[in-house]
Chemist: 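I have a structure here, written as structure tokens, and I will follow up with some questions on it.
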Amino acid sequence: MESVNFKLNSEQQKAVLATEGPVLVIAGAGSGKTRVLTARICHLIEIGVDPYNILAITFTNKAANEMKERIERSLGYAGSQVWTSTFHSMCAKILRFDAERLGYSPDFTIYTELESERVVKRVAENCLDADAKYKSEYMWHISRAKTLALSPDDYYYAIKDDVQNAGTIKQVYKLYEEELRRSNSLDFDDLLLKTVELFENCPDVLEKYQRRFKYINVDEFQDTNKLQYKIVKLLAKESGNLFVVGDEDQSIYSWRGAEIKNILDFPKDFPKAQVFKLEQNYRSTTSILKAANSVIKHNANRNEKNLWSENKEENSVEFYEAYNDREEASQVARMISILCRGDESYKDMAVLVRANSLTRTFEEEFNLHGIPYKVFGGFRFFERKEIKDALAYVRLAINPSDNDCILRVVNYPKRGVGTSTVEELKSVAEKNGMTFFSVLVNPQLLSSTAAKKLAPFTEIAMKLIECVKTMRPTEFFNFMVQASGLESALKASGDKEDENRLENIEELVNAVKEFETDNLDATVSDFMQSVALVSDTDEMDDDNYVTIATIHAVKGLEFDNVFIVGCEEGIFPTQRSIADCDVEEERRLMYVAITRARKKLFVMNATQRYRFGRTESFNKSRFIGEMRGIQPSVRFSNSAYGTRDYSAPKRTTFGVNDDKNIYSSSYPTAYQTKGTLGGFAKQSTESKKPSSGVNYDKFVKDTVVEHSKFGRGLIISTSGEGEDKIAAIAFKGLGVKRFSLAVAAPLLKIVEDV
DNA sequence: CTCCTTTGTCTTTTT
DNA sequence: GACAAAGGAG
């Protein structure tokens, strides 16, 4: 142990040293669980365990990479031999290797939720009893059935007494399964389910992995579902060395099938398990913990524990009630500016929201004040339409059986293939039990009109299938962009949005280039593999920006200053949870949010909120009432931006899509809108006074200005005075944007000769 | 077949 | 208000 350079308390040390048999570590928030996990793996290697025999499973790719890095830093090459990954990527790897044993080809496509949904919709349209408008209901049932490892028939018997349309669900589920199988595709649930099937049907395969993974470590165990638990149980059956770390108070994924029972019943499942409890928190101040503890106490379904900290600080939780959502955002912006004038920098701040829809106001307000930020959660780069379309061509090249990707691009860019032609393709395929692609290469099965219209697409498809076998990834992507006609179509359209789309596609190609540089021997297929399982937080970096994120997206992260906003009944907790009388998970989510904060926590609510095109009133969240030791903030002020009027929420109608697309080119974070004027904002706040050399009076209505990023625009109105002066500027093709002149003036040049 | 308008759903959270 | 689906005109 002595050579392991981790400082550990006695309980942590005991957990690290308990190398044999089943072990459960209940690790409160901020109690050093990652440290324990890492130290334990290092310790195992030091006492002579081959790193090849160690498996570490984490919740996100980011956590996996971080752990790998830490182990490598401690142990060098030996550390790099440890298999660290998420459940899903581990299963994908295992399945690629032995896919044939289950009747799949190793080139199977992984369908994300978006693609699954398209398939459900399509089969529902084909099913007489079903109605495509209930696709999300069908999806939910299919996912639940798979998580319970039930076939369509078994699932039907399980639910038929409780669910009215159980018969329809069974049919849709069956058709969906058939379609995925035909398309040689697996959805997210399949990755887990088929792995279990593989292990159960092929004992030799299971044995192979049991021999390999002699020491299994699972992080965030409270968020595992039935299948995931089953997988680790199967793997650990021989060695018996299963080490799981988690905290039932941080279980926030039950809506996705996570079973809090897995952690609560672990000692029952493994009567010989050693149990350790980590309760000392090294992250937050005492008053932050007091707030967290007092909230979570209201939950019934948990093991009593009490987080404590040596970091005594009584006044670190402040509460502020804003008049409406816009004022809330504005106060946060103001507070951030104040904190940044002190010791803090933007990257020490996080604004946490319950739902993605709440981020927009903050984006607008931060843009206005020149605060750099990034939004996490919500749309991702790889979910953009143009990216999905481009990738569909690649999917087609790798796995021609993939029916979904053919439907996606058969008429994109437009080739005169309309609904009637597509319908014919579908029905001929259906009638003959063929894939769409095999119909395409046998055009004699089609009517002569349809055959003629589809021929150009078939030709493209065949070219791509041929080339993907020989070309390097970057080479292939460049070829695809051109051969598919995407490039010329987007170039020719003259539409500003299409220009952005093309830029995004270029970013995709850059991403491929980067991937190829990092993984020299990688194939196109390897790239596609890595794409299917990335998430947003995986892409967080060290740049200086404020994090705006959903609470789910920041699980496992920490920040000096945290703003929990939108704390209203109906928002957080959500309306749905209130209606179902089931707010315990919401409360755990609040607990997670609170415990992200190291030094300062700000809890906020707004009495009115602009939603759905109208203003609604909200009561303060019950969770605020449950928090002890918090105090009304005196630091926020109603007169901070005295010239602004919050009473009637002003909604500037942003022209086309406001800035979503403008900054999208900074791959890989999707929907990433870096604070518009980041660099300049930093200057103005750090020099503690706005640049005095600028004559504001020049910026008046009807003046034409040149913006360094957006080009030429016309000032359509101004409001406020001096430092608070705001100009609304209309840019051609980009819509109206509002700028705080104190921040943006250096970026704007007056255009004299109009 | 494509483009345009109208209508209805939606906002929980994501590997 | 945003977006997809549906329906109608050219």
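In what follows, chains carry the letters A, B, and so on, assigned in the order in which the sequence lines appear, proteins first and then strands, with residues in each chain numbered from 1. As a basis for the values below, the full set of heavy atoms in this structure was taken, side chains included, without hydrogen atoms, waters or symmetry mates.
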Chemist: Suppose the criterion is salt bridge (charged side-chain N to carboxylate O under 4.0 Å, His left out): which pairs have a residue in residues 547-556 of chain A, not counting sequence neighbours?
Modeler: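 For residues 547-556 of chain A, and leaving out neighbouring residues, the salt bridge (charged side-chain N to carboxylate O under 4.0 Å, His left out) pairs sorted by first residue read A:Glu220-A:Lys555, A:Asp223-A:Lys555.
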
Chemist: Tell me, please, which residues at least two apart from A:Asp249 pass salt bridge (charged side-chain N to carboxylate O under 4.0 Å, His left out).
Modeler: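 Result, salt bridge (charged side-chain N to carboxylate O under 4.0 Å, His left out) vs A:Asp249: A:Arg302, A:Lys305.
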
Chemist: Output all residues satisfying side-chain contact (heavy atoms from CB on, under 4.5 Å) with A:Ser525, sequence neighbours left out; order by chain, then residue number.
Modeler: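 With neighbours one apart ignored, the set is A:Asp107, A:Ile398, A:Thr523.
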
Chemist: For A:Thr421, which residues count as a side-chain hydrogen bond (donor to acceptor under 3.5 Å, both in side chains) partner, sequence neighbours excluded?
Modeler: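 Per chain and number, A:Thr421 pairs via side-chain hydrogen bond (donor to acceptor under 3.5 Å, both in side chains) with no residue.
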
Chemist: Could you provide the dot-bracket string of DNA chain B, using ( ) for intrastrand pairs, [ ] for crossing pairs and | for bases paired to another strand, with Watson-Crick or G-U pairs below 3.5 Å?
Modeler: ||||||||||.....

Chemist: Look at all strands and tell whether A:Ser420 reaches a base, only sugar-phosphate, or nothing, counting heavy atoms closer than 4.0 Å.
Modeler: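 Contact class for A:Ser420: sugar-phosphate only.
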
Chemist: Can you sort out which residues in residues 568-578 of chain A have a heavy atom within less than 4.0 Å of DNA chain B? Ascending by number, please.
Modeler: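 Residues of residues 568-578 of chain A that come under 4.0 Å of DNA chain B are, in numerical order, A:Thr574, A:Arg576.
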
Chemist: Which whole-number value in Å describes the distance from A:Asn61 CG to B:dT15 P?
Modeler: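 A:Asn61 atom CG is separated from B:dT15 atom P by 8 Å.
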
Chemist: List the residues meeting side-chain contact (heavy atoms from CB on, under 4.5 Å) with A:Lys388, not counting sequence neighbours, and say none if there are none.
Modeler: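 A:Thr112, A:Leu114, A:Glu115, A:Arg408.
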
Chemist: Who are the side-chain contact (heavy atoms from CB on, under 4.5 Å) partners of A:Glu459, not counting sequence neighbours?
Modeler: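 So A:Glu459 forms no side-chain contact (heavy atoms from CB on, under 4.5 Å) with any residue.
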
Chemist: Tell me, please, which residues at least two apart from A:Trp140 pass ring-ring contact (aromatic ring centres under 6.0 Å, His included).
Modeler: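 Not a single residue meets the ring-ring contact (aromatic ring centres under 6.0 Å, His included) criterion with A:Trp140.
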
Chemist: List the steps, then state whether salt bridge (Lys or Arg N to Asp or Glu O under 4.0 Å) holds for A:Asp187 with A:Lys146.
Modeler: CA-CA 10 Å; A:Asp187 65 22; A:Lys146 288 190 175 188; 2.8 Å; yes

Chemist: List for me each residue that meets side-chain contact (heavy atoms from CB on, under 4.5 Å) alongside A:Glu499, sequence neighbours excluded, and say none if there are none.
Modeler: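 Residues passing side-chain contact (heavy atoms from CB on, under 4.5 Å) with A:Glu499: A:Lys496.
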
Chemist: Taking 5.5 Å and 30° as the limits, would you call A:Phe87 and the base of B:dT15 a stacked pair?
Modeler: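 No; centroid distance or tilt outside limits.
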
Chemist: Restricting to nitrogen or oxygen on both sides, can you table the protein-nucleotides 5-9 of chain C pairs closer than 3.5 Å?
Modeler:
{"unit_1": "C:dA5", "atom_1": "OP1", "unit_2": "A:Lys121", "atom_2": "NZ", "d": "3.0"}

Chemist: Under 4.0 Å between a side-chain N/O of A:Ser357 and OP1 or OP2 of B:dC10, yes or no?
Modeler: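 So the side chain of A:Ser357 is outside the cut-off, no N or O lying under 4.0 Å from OP1 or OP2 of B:dC10.
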
Chemist: Quick check on B:dC1: is either OP1 or OP2 less than 4.0 Å from any side-chain nitrogen or oxygen of A:Thr421?
Modeler: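 Answer is yes, contact under 4.0 Å.
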
Chemist: Who passes salt bridge (charged side-chain N to carboxylate O under 4.0 Å, His left out) against A:Arg611, sequence neighbours left out?
Modeler: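 Listed in chain order: A:Glu616.
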
